[in-house]
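Accompanying notes for the structure given below.
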Amino acid sequence: MSRYQPGVIEPKWQAIWDERNTFKTPEIDPGTPKYYALGMFPYPSGSGLHVGHPESYTALDIVSRYKRKLGFNVLHPMGWDAFGLPAERAAVRDGRHPRDITRENIANFKQQLKALGFSYDWDREINTSEPEYYRWTQWIFLKLYDQGLAYLAEVPVNWCPAQGTVLANEEVQDGRYVETGDPVERRLMKQWMLKITVYAQRLLDDLEHVDWPEHVKEMQRQWIGRSEGAEVSFKVEGLASSFKVFTTRPDTLFGATYCVLAPEHALVEQLTTDAQRADVQAYVETAKNRSERDRQAGGDREKTGVFTGAYAINPVNGEKLPIWVADYVLVTYGTGAIMAVPAHDERDHAFAKAFELPIIEVVQSPADHDVQESAWSGDGLSVNSGDFDGLNVVEFKRRIIDWLEAEAHGKGRVQFKLRDWLFSRQRYWGEPFPVLLDEAGNPSVVDPDALPVTLPHIDAYKPTADGQPPLARAGDDWLFVDADGKQLSRETNTMPQWAGSCWYYLRYMDPHNTELPFSEQAEKYWGPVDLYIGGVEHAVLHLLYARFWHKVLFDCGLVSTVEPFKKLFNQGMILAYSYRDANGKYYYPEQVEQGEDGDWYTKEGAIRVDTKIEKMSKSRFNVVNPNDVVAEYGADALRIYEMFMGPLEQVKPWQMSGVEGVYRFLARTWRLFIDADSGELHRHIRSDVPADADLRRSLHTAVQQVTQGIEELRFNGPVSRMMEFVKLATARAELPKHELELFVQILAPYAPHIAEELWEKLGRTEALATFPWPDVDLGALTQDTVNIAVQVQGKLRGSLEAPKNAGKDELLAMAKGIENVARFLEGKAIVKEIVVPGRLVNFVVRPA
RNA sequence: GGGGAUGUGGCGGAAUCGGUAGACGCGCUUGAUUCAAAAUCAAGUGACUUAUGGUCAUGAGGGUUCGAGUCCCUCCAUCCCUACCA
């Protein structure tokens with residue numbers, strides 16, 4: 001073979017790795033350091049991988065291959081987040097079982113990944129939708145249940161009567177199902193909830209201990225949303241009832257001019273006066289049918305509300321405050337009721353303006369600020385607050401909370417935005433709950449030994465006519481269970497897609513265990529994940545849910561670490577150019593070409609099209625399939641291009657010409673080693689050829705940068721250094737074999753196939769995968785002479801070549817000797833001479 | 001509205017510590033090779049200019065400094081997340 005033919009060498013080495021079990025995970029050996037490199041596992045969709053997927057996978061593969069060469073026991077697994085809605089939709093559409101569709105998709109994904117030569121241990125492959133896996137998801141649910149962290153509650157869901165199904169929040173927009181436009185209503189249904197709120201403070205605090213991007217931590221902090229304030233009790237005038245409000249500004253209690261209850265607040269019905277009843281009922285009805293998301297995000301967000309006719313008593317001064325119902329107050333946050341202080345809260349201000357309610361200033365705003373015009377939420381000394389006048393905000397808060405507690409009107413309270421996790425879905429393709437219900441709907445759990453509760457066969461993957469989840473279609477033999485003579489029925493909801501991904505990183509540690517989800521030794525050795533890479537879209541939900549489960553497992557003594565993922569990194573999305581004409585019609589990249597004027601036109605008809613860099617999607621005709629890239633340029637070129645494009649964390653556009661450039665680099669590398677005529681190693685590559693200083697400097701610069709780059713997850717620059725080395729080496733008539741071997745070593749993590757082939761051609765028989773990583777020869781990096789910039793007034797006027805360790809005076813003399821420098825110094829007085837060794841000389845001058 | 005990021009040639013990007021801006025790749029230009037083309041190799045390629053030199057240039061405008069892509073202030077644009085959280 002004389003040319004570089006990735007299509008030949010890549011399958012060859014992939015087959016050899018398989019055959020030799022090259023990437024089998026080593027046995028647990030406490031004497032050997034471990035490294036656990038994990039990529040977020042994909043949902044095996046019907047459309048297959050696109051080139052965005054292999055970005056993080058390539059980075060992780062490079063790290064894994066490198067760590068093996070450093071002597072680590074590496075765990076580098078891959079699997080499938082295989083439950084989920086798309087397969088269920090496809091099943092409904094095609095009348096097939098979602099399991100079969102999922103398995104097909106997985107086979108396709110696997111074949112795509114295998115073609116890229118990732119060093120996964122495929123023996124540890126997992127699939128969250130197989131009973132062998134979800135048995136343990138159910139098992140962990142039982143742990144949550146035992147800890148009192150799982151409970152049933154009536155909660156509102158999005159119900160679509162036309163489709164006869166419940167929809168996820170993401171599927172509903174403006175009160176309609178996104179796909180069909182059918183109206184969606186809110187309906188109360190009994191749902192499983194997980195008490196993630198119990199862990200709110202720990203989820204917040206433990207962020208301090210993980211090596212995660214600051215912005216992801218910040219997103220989680222905001223999602224958890226801790227705020228400190230007070231809970232204050234308000235009596236209702238003329239009734240025995242009272243209600244509590246949560247406020248972060250108890251210092252503004254004297255400025256409260258009305259109260260608001262959420263439409264769903266339990267007291268609304270009771271305290272509404274007969275005169276107001278019709279209005280309130282109408283309002284509550286309307287609000288109920290708008291989803292919460294809709295209510296919050298919808299349109300201009302004009303304040304609406306209605307007076308109940310009732311009054312609350314302000315505990316601090318006995319004032320009568322009208323009680324309103326308004327949907328800007330959310331029943332799910334705090335107590336579902338607020339005291340409104342329009343002078344110092346924007347939302348209350350807008351509401352007060354709309355309904356002409358009084359605005360009373362209780363925190364002195366700046367002279368140029370009128371609280372009648374807009375709210376003042378800044379600091380200031382208190383006014384109109386009785387005995388509390390003259391305090392600043394912080395001091396006031398402390399004093400008023402003491403007072404509230406002393407007078408039994410309230411207390412200090414910490415509130416989180418984080419809510420309990422709605423954990424059931426009315427779907428077929430998910431984990432069945434290991435739960436039985438009696439006639440009254442009281443739950444009991446299935447014995448752990450009886451797991452898994454497998455998915456039953458049903459006739460259609462959709463809800464029943466009366467709106468029960470698909471599992472209600474199962475036969476009686478599945479639905480009903482006899483327990484001590486009583487008939488119990490199975491829970492027909494299933495778990496959400498997040499469930500399986502909450503603990504998959506643990507299963508990889510011990511994937512074939514039939515006694516436990518994972519053994520103690522395996523977890524102790526492999527945990528926690530050392531490096532976890534995935535998209536930033538999982539910054540909150542998946543990562544928060546997984547941390548939650550991990551902490552529960554920690555409390556159960558099942559895992560030994562507090563946090564599951566030591567280091568987290570987010571890769572940036574890969575975008576692609578799209579081409580679209582004035583009518584909005586998209587064209588495939590191969591349908592367009594660039595005209596002489598630089599604009600783009602369709603090949604047929606020469607219609608002008610706009611180019612735009614967008615997210616890859618089928619509808620934009622800009623999805624790039626890695627198989628196509630592999631077929632044309634090979635997996636090694638794809639892998640290197642993915643890394644060469646730019647920093648891993650950055651969003652960047654795919655450019656096929658860039659892959660071509662990388663392919664040329666690999667072809668040049670091939671020609672550097674391999675004689676075109678014989679197909680064997682060039683005869684001018686020999687052990688007795690001495691390495692010159694330039695070649696060694698170039699090589700060791702590359703060794704150093706590749707090494708550092710992998711440690712710091714910076715992969716683009718090191719590729720440039722390898723390119724420079726190959727370019728330089730190509731110009732040599734004879735080449736030292738040892739140096740070329742070192743080069744193959746550092747190329748190997750990036751482009752493992754060509755590296756293996758060249759390693760073999762070099763006559764090496766040791767396993768490349770575990771051949772020790774080369775050390776940098778720092779001596780090779782130093783140069784005898786250095787190039788020094790010479791500036792006058794900070795402007796570059798020349799440069800000079802000086803001995804590495806030239807003294808200050810010597811450099812100054814040389815600098816002054818440069819003709820152009822002398823020209824700029826002439827007739828000037830030198831005020832200051834700045835010498836930065838190895839870098840530059842700068843003269844600061846002044847007219848003489 | 002809140003939070004986060006990003007802005008450098010025709011394009012992707014480099015400059016990691018305040019020290020010669022534009023490494024490397026793409027594209028483009030010229031040359032070699034070829035009957036020709038592809039491929040390959042070599043050289044060039046920020047703009048302007050009165051060209052061995054000079055001036056201007058890192059989203060815009062200010063500032064600190066001998067020296068700023070890098071630090072500080074003000075603003076603009078784009079993207080992502082979040083969204084009435086009391």
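Chain A is the first sequence line, chain B the second, and so forth, proteins listed ahead of strands; every chain is numbered from 1. Predicted, not measured: the structure shown is a model, and the values here were computed from it. Worth knowing before you read on, the calculation uses all heavy atoms, side chains too, and leaves out hydrogens, waters and symmetry mates.
- Nucleic acid contact for A:S227: sugar-phosphate only, since backbone atoms but no base atoms lie under 4.0 Å from a heavy atom of the residue.
- Legend: side chain to side chain donor-acceptor pair (under 3.5 Å) pairs involving residues 243-262 of chain A, not counting sequence neighbours, sorted by first then second residue: A:R249-A:D251, A:Y258-A:Y328.
- Note on A:R668: only backbone sugar-phosphate atoms sit closer than 4.0 angstrom, heavy atoms only; bases stay farther off.
- Nucleotides B:rG2 and B:rU70 are separated by 26 Å at their P atoms, to the nearest Å.
- Nucleotide B:rC17 is shown with a syn base, its glycosidic torsion being within 90° of 0.
- A:I613 pairs by the side-chain contact (heavy atoms from CB on, under 4.5 Å) definition with A:L575, A:Y577, A:P653, not counting sequence neighbours.
- If you check the side chains of A:E724 and A:S698, you find no donor sitting under 3.5 Å from an acceptor.
- Sparse packing is recorded around CD of A:E819, with 12 or fewer heavy atoms of other residues, nucleotides or ligands lying under 6.0 Å away.
- Listed by first and then second residue, the salt bridge (Lys or Arg N to Asp or Glu O under 4.0 Å) pairs that reach into residues 837-848 of chain A come to none, sequence neighbours excluded.
- Taking CE from A:M339 and CG from A:L253, the interatomic distance works out to 4.0 Å, rounded to the nearest 0.5 Å.
- What separates CD of A:E537 from P of B:rC81 is a distance of 9 Å, to the nearest Å.
- Between the CD atom of A:E55 and the P atom of B:rG12 there is a distance of 16 Å, given to the nearest Å.
- B:rU8 and B:rC56 are spaced 15 Å apart, taking the C1' atom of each and rounding to whole Å.
- Candidate nucleotides B:rG19, B:rG12, B:rG3 were compared by shortest atom distance to the side chain of A:Q222, and B:rG3 ranks first.
- Spacing between atom NE2 of A:H538 and atom C1' of B:rC81 amounts to 14 Å, rounded to whole angstrom units.
- Glycosidic conformation, B:rA60: anti, with the torsion outside 90° of 0.
- Here the C1' atom of nucleotide B:rA39 and the CD atom of A:Q5 are 14 Å apart, to the nearest Å.
- Comparing the C1' positions of B:rG10 and B:rG27 gives a spacing of 7 Å, expressed to the nearest Å.
- Between atom CZ of residue A:R419 and atom CD1 of residue A:I196 there is a gap of 13.0 Å, rounded to the nearest 0.5 Å.
- Looking at residues two or more places apart in sequence or on another chain, you find a ring pair (Phe, Tyr, Trp, His ring centres under 6.0 Å) between A:H684 and A:H682.
- What separates CD of A:E711 from C1' of B:rU16 is a distance of 15 Å, to the nearest Å.
- In this structure, A:N570 atom CG and B:rU6 atom P are separated by 13 Å, rounded to whole Å.
- Computed from coordinates, the A:L207 CG to B:rG4 P distance equals 16 Å when rounded to whole Å.
- For the contact set between residues 717-726 of chain A and RNA chain B, defined by any heavy atom under 4.0 Å, the members are A:S720, A:R721, A:M723, A:E724.
- The CG atom of A:L330 sits 8.5 Å away from atom CD of A:E264, with the distance rounded to the nearest 0.5 Å.
- Within the 4.0 Å cut-off from OP1 or OP2 of B:rU16, not a single side-chain nitrogen or oxygen of A:R714 is found.
- The strand RNA chain B forms stems, runs of 3 or more Watson-Crick or G-U wobble pairs with distances below 3.5 Å, at B:1-7 with B:76-82, B:10-12 with B:24-26, B:27-32 with B:40-45, B:46-49 with B:53-56, B:59-63 with B:71-75.
- When the C1' atom is compared between B:rC26 and B:rG13, the two are found 11 Å apart, to the nearest whole Å.
- Between A:Q705 and A:R714, the side chains place no donor N or O within less than 3.5 Å of an acceptor N or O (distance only, hydrogens not considered).
- Using the six-membered ring where Trp is involved, A:Y4 and A:W670 have ring planes that are tilted, between 30° and 60° apart.
- Phosphate proximity of B:rC41 to A:R671: present, with a side-chain N or O under 4.0 Å from OP1 or OP2.
- Rounded to a whole Å, the NZ atom of A:K615 is 11 Å from the C1' atom of B:rC81.
- Nucleotides B:rC41 and B:rA15, compared at atom P, are 26 Å apart to the nearest Å.
- Proximity of residues 639-651 of chain A to RNA chain B (heavy atom under 4.0 angstrom from any strand atom) is restricted to A:F644, A:M645, A:P647, A:Q650, A:V651.
- B:rG19 sits 23 Å from B:rG9 when the C1' atoms are compared, rounded to a whole Å.
- Here the straight-line distance linking atom CG of A:L638 with atom CD of A:E632 works out to 12.0 Å at 0.5 Å rounding.
- Between the OH atom of A:Y633 and the CZ atom of A:R664 there is a distance of 9.0 Å, given to the nearest 0.5 Å.
- Exactly one residue among A:E537, A:H538, A:H215, A:E649 makes a side chain to side chain contact (heavy atoms under 4.5 Å, CB included) with A:N570. That residue is A:H215.
- Going from the C1' atom of B:rC72 to that of B:rA83 covers 32 Å, rounded to whole Å.
- In textbook terms, a nucleotide whose glycosidic angle is within 90° of 0 is syn, while B:rG13, being further out, is anti.
- Using a 4.0 Å cut-off, no side-chain N or O of A:R664 falls inside it from OP1 or OP2 of B:rC24.
- Applying the salt bridge (Lys or Arg N to Asp or Glu O under 4.0 Å) test to A:R823 and every residue at least two apart in sequence or in another chain returns nothing.
- Side-chain contact between A:W498 and A:W421: present, with at least one pair of heavy atoms (C-beta onward) separated by less than 4.5 Å.
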Mind listing the N/O atom pairs, protein and nucleotides 9-11 of chain B, below 3.5 Å?
{"from": "B:rC11", "atom 1": "O2'", "to": "A:Q655", "atom 2": "OE1", "distance (Å)": "3.0"}

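- Note that the OG1 atom of A:T335 and the NE2 atom of A:H265 stand 5.5 Å from one another [nearest 0.5 Å].
- In the set B:rA14, B:rG19, B:rA86, the nucleotide with an atom closest to the side chain of A:D345 is B:rA86.
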**Asked** When every nucleotide of nucleotides 48-59 of chain B is labelled 5' to 3' by its protein contacts under 4.0 Å (heavy atoms), B for base, S for sugar-phosphate only, - for none, what sequence of letters results?
**Response** -----SSSS---

Report each atom pair, protein N/O against N/O of nucleotides 63-71 of chain B, whose distance is under 3.5 angstrom.
{"from": "B:rC66", "atom 1": "O2", "to": "A:N842", "atom 2": "ND2", "distance (Å)": "2.4"}

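- A:E373 pairs by the side-chain contact (heavy atoms from CB on, under 4.5 Å) definition with A:D370, not counting sequence neighbours.
- With hydrogens and angles left out, the side-chain atoms of A:E642 and A:T58 include no donor and acceptor closer than 3.5 Å.
- Taking atom C1' on both B:rA60 and B:rC76, the two are 7 Å apart, rounded to the nearest angstrom.
- Considering only side-chain atoms of A:K727, the nucleotide from B:rA86, B:rA42, B:rC81 that sits closest is B:rA42.
- Within the 4.0 angstrom heavy-atom criterion, base atoms lie near A:K417.
- At least one side-chain nitrogen or oxygen of A:N716 sits closer than 4.0 Å to the OP1 or OP2 atom of B:rA14.
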